[in-house]
Amino acid sequence: MRGLRFTLFALAFVSLTAELVRHSYIRFVEKHESVLDHYDAIRNEIKGATSLETLRQRYAEELDKDKAAKAQQPPSSPDGGGPAPGFVREDSESPVVKLRQAITNWEEADNSIRELRFFWGAGLALLLLALACHLRGFAWLSVCLQAAGFAEMTWWTSPTYSYVLTMGAANEEFSRLLENKLAFTTLALALLLAFWQTGILRPTAPPPGEAAG
């Protein structure tokens with residue numbers, strides 16, 4: 001039992017500490033600007049957006065411009081060689097495409113924050129149940145609940161690598177996601193150390209009802 005407790009503590013401590021360092025690096029050290037930003041007005045607008053509504057309004061404006069461009073297009077040639085009426089090929093560098101991707105990234109980051117808070121809270125609830133079991137002498141059940149609780153916290157505070165690749169598309173919301181992950185990772189690490197120091201996980205301090213040895 002004591003070996004299992006130490007293994008649980010060691011795995012959770014290593015994982016959470018590595019996550020804390022990774023989040024801190026991405027949030028405060030890693031460079032997210034490019035010299036190309038100076039030549040891309042839309043990208044600068046996206047990175048400077050402070051809300052999803054701001055992006056939605058800019059997207060609507062660009063859609064209106066596209067509709068006007070479609071209306072001014074000449075009809076397709078009789079031999080069928082030209083584009084179909086009303087068809088406009090979407091360029092990956094067009095403002096509409098960039099804004100659409102930015103909105104998608106923003107919404108994904110917002111959903112990730114919601115998931116993080118919900119599942120981290122579920123992990124906390126499991127740890128409270130583990131504490132109750134520990135105090136009542138249900139050692140094995142306490143250890144299992146602690147493993148589940150810290151696993152939830154560790155998993156949902158882990159680095160979100162997919163957003164690192166597209167951070168520039170929704171910089172404000174991604175920063176908020178990172179700040180949430182930093183905060184909850186720190187709290188999880190503090191809880192882990194508290195469980196260790198109070199003897200709930202520490203091998204040298206058996207819980208009530210568990211014989212020494």
Side-chain angles (χ1 to χ4, degrees), residues 1-30 32 52 104-167 170-213:
M1 173 67 77
R2 297 187 187 184
L4 177 61
R5 289 167 183 259
F6 178 78
T7 300
L8 172 60
F9 170 80
L11 289 175
F13 182 82
V14 170
S15 298
L16 289 170
T17 302
E19 288 176 9
L20 190 62
V21 173
R22 175 64 173 164
H23 294 323
S24 299
Y25 171 79
I26 296 174
R27 180 65 182 90
F28 301 112
V29 180
E30 189 173 66
H32 304 293
L52 182 60
T104 299
N105 290 339
W106 189 293
E107 290 173 339
E108 288 179 352
D110 184 62
N111 283 330
S112 293
I113 292 173
R114 191 176 296 109
E115 289 174 342
L116 168 64
R117 293 176 176 178
F118 176 85
F119 289 106
W120 195 94
L124 179 60
L126 290 172
L127 291 183
L128 293 176
L129 286 174
L131 176 60
C133 291
H134 170 78
L135 295 175
R136 294 180 66 87
F138 303 131
W140 277 105
L141 183 55
S142 175
V143 170
C144 291
L145 288 170
Q146 288 175 68
F150 284 118
E152 286 286 347
M153 291 179 172
T154 303
W155 175 264
W156 290 100
T157 55
S158 60
T160 313
Y161 295 104
S162 61
Y163 294 131
V164 176
L165 301 177
T166 56
M167 178 175 178
N171 188 46
E172 185 71 22
E173 193 67 354
F174 181 79
S175 295
R176 194 163 74 92
L177 172 60
L178 270 178
E179 288 163 2
N180 272 262
K181 291 212 170 197
L182 268 169
F184 283 108
T185 301
T186 303
L187 286 173
L189 192 56
L191 280 171
L192 179 66
L193 293 174
F195 270 55
W196 178 267
Q197 289 298 323
T198 54
I200 303 176
L201 272 176
R202 190 171 46 200
T204 56
E210 182 182 347

Using a 4.5 Å cut-off on heavy atoms from C-beta on, say whether the side chain of Leu145 contacts that of Leu127.
no

Considering all heavy atoms of both residues, which atom of Cys133 and which atom of Leu141 are nearest to each other, and what is their separation?
SG-CD2, 3.5 Å

Point-to-point distance, once rounded to the nearest 0.5 Å, from CE of Met153 to CG of Leu189
11.5 Å

On a heavy-atom basis, the closest approach of Leu52 and Glu107 is CD2-CG, 4.0 Å

Roughly how far, to the nearest 0.5 Å, is OG of Ser112 from CG of Asn105?
10.5 Å

State whether the side chain of Trp120 and the backbone N or O of Glu152 hold a donor-acceptor pair below 3.5 Å, judged by distance alone.
no

For the residue pair Gly199 and Arg5, what are the closest heavy atoms and their distance?
O-NH1, 4.4 Å

What is the minimum heavy-atom distance between Thr154 and Ser15, and which atoms define it?
CG2-CB, 3.5 Å

Short question: side chain of Arg27, backbone of Glu179 - any donor-acceptor pair under 3.5 Å?
no

Just wondering, do Glu115 and Trp156 contact through their side chains at under 4.5 Å, heavy atoms?
yes

Are Arg176 and Glu173 close enough for a salt bridge, meaning some N to O gap below 4.0 Å?
yes

What residues, two or more places apart in sequence or in another chain, satisfy side-chain contact (heavy atoms from CB on, under 4.5 Å) together with Thr7?
Leu11

Gap separating the CZ atom of Arg22 from the CG atom of Leu182, nearest 0.5 angstrom
12.0 Å

Are the side chain of His23 and the backbone N or O of Thr157 linked by a donor-acceptor pair below 3.5 Å?
yes

Does a donor on one side chain sit under 3.5 Å from an acceptor on the other, for Thr104 and Glu108?
no

Mind checking the CG-OG spacing from Leu135 to Ser142? Nearest 0.5 Å is all I need.
8.5 Å

Return the CG to CD1 distance between Asn180 and Ile113, rounded to the nearest 0.5 Å.
5.0 Å

Check against side-chain contact (heavy atoms from CB on, under 4.5 Å), Leu124 and Leu191
CA-CA 9 Å; Leu124 179 60; Leu191 280 171; 3.9 Å; yes

Anything under 30° is parallel, anything over 60° is perpendicular, the rest tilted; go ahead and classify Phe195 against Phe150.
perpendicular

Is a side-chain donor or acceptor of Ser158 paired with a backbone partner of Trp155 at a separation under 3.5 angstrom?
yes

Less than 4.5 Å apart, side chain to side chain, heavy atoms only: is that true for Trp196 and Leu192?
no

With under 30° as parallel and over 60° as perpendicular, where do the rings of Phe13 and Phe9 fit, or are they tilted in between?
parallel

In Å and rounded to the nearest 0.5 Å, what is the CG to CD1 distance from Leu178 to Ile26?
6.0 Å

